[in-house]
2 protein chains.
Amino acid sequence: MNGSDSTSTVPGSGAPRRSDATRGAILAAARERFATDGYERATIRAIAKDANIDPSMVMRYYRNKEGLFAAAVAIDLRLPDVSGADRRQDVGRILVEHFLDMWENNEVLTALLRVGVTNRAAADRMQGILRDQLLPVARQVCPDPEQVPARAALLASQLLGLALTRYVLRMPPAVGLARAEIVAWLAPTIQRYLTAPSP
Amino acid sequence: MNGSDSTSTVPGSGAPRRSDATRGAILAAARERFATDGYERATIRAIAKDANIDPSMVMRYYRNKEGLFAAAVAIDLRLPDVSGADRRQDVGRILVEHFLDMWENNEVLTALLRVGVTNRAAADRMQGILRDQLLPVARQVCPDPEQVPARAALLASQLLGLALTRYVLRMPPAVGLARAEIVAWLAPTIQRYLTAPSP
DNA sequence: ATTGTTTGCCAACGACTGTTGACGTCTTCC
DNA sequence: GGAAGACGTCAACAGTCGTTGGCAAACAAT
């Protein structure tokens with residue numbers, strides 16, 4: 001089938017092992033199952049079957065189901081730099097477009113949201129992403145540093161809400177929105193949450 | 001300990017049965033478990049234990065786990081009428097305040113969102129609520145009838161996103177927002193999604 | 001007092017879960 | 001060559017799940 005995709009094996013450290021193909025297949029299958037089924041219903045047996053290996057291999061390479069999930073779901077939002085004065089007044093549009101690209105090309109985001117709703121560890125992971133990746137962006141464009149967390153939370157609420165209705169719940173009217181429509185409607189909202197004077 | 005609360009027994013039809021207290025206890029325990037644990041981890045055994053009865057009673061009265069969930073989670077958003085010309089220009093604030101009241105006093109909403117993310121039947125139920133309860137409100141205030149579904153979807157994305165970050169994921173900065181802050185920030189967003197000319 | 005029905009508890013079923021350990025095979029190094 | 005270890009398969013464990021049927025007590029109707 002394939003040999004390497006954008007989110008494949010080799011995190012960059014350690015020598016290449018003979019089992020890297022298997023490890024990669026497990027991770028790919030795990031990501032897909034977690035994304036579509038959530039944590040509990042994503043069975044290790046089902047994941048192993050998808051990866052065409054024995055369930056015990058999953059345990060050998062990732063210790064736990066927890067360990068598998070932790071290894072399968074690592075998220076880097078790759079948020080762009082918006083500190084430039086010119087980009088700062090477009091931060092709404094830039095962020096919305098970036099998020100749409102991310103969500104449509106990376107099933108890991110769906111997996112994390114689906115699992116985070118019922119799994120504490122995954123919810124904590126999402127908090128970490130908000131704190132380490134979203135908050136710095138808000139800091140770049142917010143007028144008052146003290147309001148940064150609140151404004152980042154508002155930002156997260158709108159973006160995650162869109163992802164929830166469109167990519168997780170798949171509500172028809174949310175799925176039916178064209179990309180340009182979403183950007184046109186949401187960009188001003190995000191722009192206001194981040195840069196407008198507090199109301 | 002209590003005898004009757006706002007969401008207790010007797011849906012209004014049928015003769016009162018001797019087991020109504022038990023049925024109510026089961027439903028109350030089920031709502032709490034579904035709200036905090038999601039569908040899979042909300043065990044029938046755990047629910048029965050909370051209600052101080054035998055697990056088999058749950059099956060007798062609600063047939064299935066599915067049946068129990070269907071009986072436990074029935075949602076009426078009690079959305080206010082906003083057709084009046086004076087209320088129409090306040091629809092953003094009115095809806096946000098109404099949703100905050102709902103979410104903070106009704107654990108059933110949390111249950112439905114938590115379960116809907118991984119359970120098809122619950123997701124369909126949410127679609128039904130959007131269609132039957134949210135869409136009519138949007139129809140009352142939208143300029144162009146053709147845009148009603150899209151605008152209702154935007155409305156849902158912002159309100160569900162807030163509920164997700166604040167009541168389900170419990171992200172600290174979202175939990176830390178004061179009620180007045182939320183209303184001040186979100187009301188203009190909702191107002192715009194529903195009434196502004198399309199961008 | 002006797003029926004029939006409702007309510008409840010108990011024990012158990014089959015299926016499925018995460019996880020473990022033993023065992024054969026293939027690769028690698030000396 | 002042989003030794004050491006990585007890789008993979010198989011069978012099984014202990015536990016939990018939803019669900020079922022039988023049986024005793026409490027009630028209702030006659």
Side-chain angles (χ1 to χ4, degrees), chain A residues 1 3 9-10 13-31 33-34 36-73 115 118-122, chain B residues 3 8-10 13-31 33-34 36-73 111 114-115 118-122:
Chain A
M1 320 328 176
T9 338
V10 182
S13 69
R17 282 158 298 196
R18 187 154 46 98
S19 60
D20 278 347
T22 302
R23 297 175 122 97
I26 294 176
L27 284 189
R31 281 192 262 264
R33 284 281 176 180
F34 281 131
T36 61
D37 292 342
Y39 191 78
E40 329 282 339
R41 296 181 42 201
T43 305
I44 289 195
R45 283 177 163 88
I47 293 171
K49 190 171 222 175
D50 290 353
N52 278 104
I53 46 93
D54 192 87
S56 63
M57 304 297 297
V58 179
M59 314 304 297
R60 194 199 291 274
Y61 294 140
Y62 301 100
R63 297 187 56 92
N64 278 345
K65 191 176 183 180
E66 282 187 40
L68 172 63
F69 180 78
V73 174
V115 173
T118 40
N119 184 286
R120 184 59 162 275
Chain B
S8 76
T9 337
V10 182
S13 68
R17 282 157 300 195
R18 188 152 45 99
S19 59
D20 279 346
T22 301
R23 298 174 122 97
I26 294 175
L27 284 189
R31 280 191 263 265
R33 284 282 176 179
F34 282 131
T36 61
D37 293 340
Y39 191 77
E40 330 281 341
R41 297 183 41 202
T43 305
I44 288 196
R45 285 178 161 88
I47 293 171
K49 190 171 222 173
D50 290 353
N52 278 103
I53 45 92
D54 192 86
S56 63
M57 304 297 298
V58 179
M59 314 304 297
R60 193 199 292 273
Y61 293 140
Y62 301 100
R63 296 188 55 93
N64 277 346
K65 191 176 183 180
E66 282 187 39
L68 172 63
F69 179 78
V73 174
R114 257 217 178 91
V115 173
T118 40
N119 183 286
R120 184 59 163 273

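All chains are named by letter (A, B, ...) in the order of the sequence lines, taking the proteins before the strands, and each is independently numbered beginning at 1.
Out of C/dT7, C/dT20, D/dC7, the shortest distance to the side chain of A/Ser56 is found at C/dT20. Set against D/dT19, D/dC27, C/dG8, the side chain of B/Arg18 has D/dC27 as its closest nucleotide.
C/dT17 atom C1' lies 15 Å from atom CG of A/Asp54, rounded to whole Å. A/Asn52 places its CG atom 13 Å from the C1' atom of D/dG8, with the value rounded to the nearest Å. In this structure, CD1 of B/Ile44 is placed 21 Å from P of C/dA12, rounded to the nearest angstrom. Counting to the nearest Å, the C1' atom of D/dC17 and the CZ atom of B/Arg33 are 15 Å from each other. Between B/Ile47 atom CD1 and D/dC17 atom P the separation is 11 Å, expressed in whole Å. When the C1' atom of D/dC17 is taken as reference, atom CZ of A/Arg45 falls 14 Å away, rounded to whole Å. Taking atom OH of B/Tyr39 as the reference point, atom C1' of D/dG18 lies 10 Å away to the nearest angstrom. With rounding to whole Å, A/Phe34 atom CZ is found 12 Å from C/dG18 atom C1'.
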Going through the distances and angles, do B/Val115 and B/Val73 end up as a side-chain contact (heavy atoms from CB on, under 4.5 Å)? CA-CA 10 Å; B/Val115 173; B/Val73 174; over 6 Å; no
Assess whether side-chain contact (heavy atoms from CB on, under 4.5 Å) is satisfied between A/Asp20 and A/Arg23, documenting all intermediate values. CA-CA 5 Å; A/Asp20 278 347; A/Arg23 297 175 122 97; 3.8 Å; yes
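Between the CZ atom of A/Arg41 and the OG1 atom of B/Thr118 there is a distance of 7.0 Å, given to the nearest 0.5 Å. Rounding to the nearest 0.5 Å gives a distance of 9.5 Å between CG of B/Asp54 and CZ of B/Arg45. Atom CD of B/Glu40 sits about 9.0 Å away from atom CG of A/Asp37, to the nearest 0.5 Å.
No donor-acceptor distance shorter than 3.5 angstrom exists from the side chain of B/Arg114 to the backbone of B/Gly38, with no hydrogens or angles considered.
At least one side-chain heavy atom of A/Leu27 sits less than 4.5 Å from a side-chain heavy atom of A/Leu68.
Relative ring orientation between B/Tyr39 and B/Phe69 is described as perpendicular, the plane-to-plane angle rising above 60° on a 0-90° scale split at 30° and 60°.
Taking a 4.0 Å limit (strictly below) on heavy-atom distances, residues 57-73 of chain A reaches DNA chain D at A/Met57, A/Arg60, A/Tyr61.
Secondary-structure stems of DNA chain D, taken as three or more successive Watson-Crick or G-U wobble pairs (i with j, i+1 with j-1) under a 3.5 Å distance threshold, comprise C:4-30 with D:1-27.
Checking the phosphate oxygens (OP1, OP2) of C/dT17, a side-chain nitrogen or oxygen of A/Thr43 falls inside 4.0 Å. Close to C/dT6, at under 4.0 Å from its OP1 or OP2, lies no side-chain N or O of B/Ser19.
Residues A/Met59 and A/Ile44 come closest through the heavy atom pair SD-CD1, 3.7 Å.
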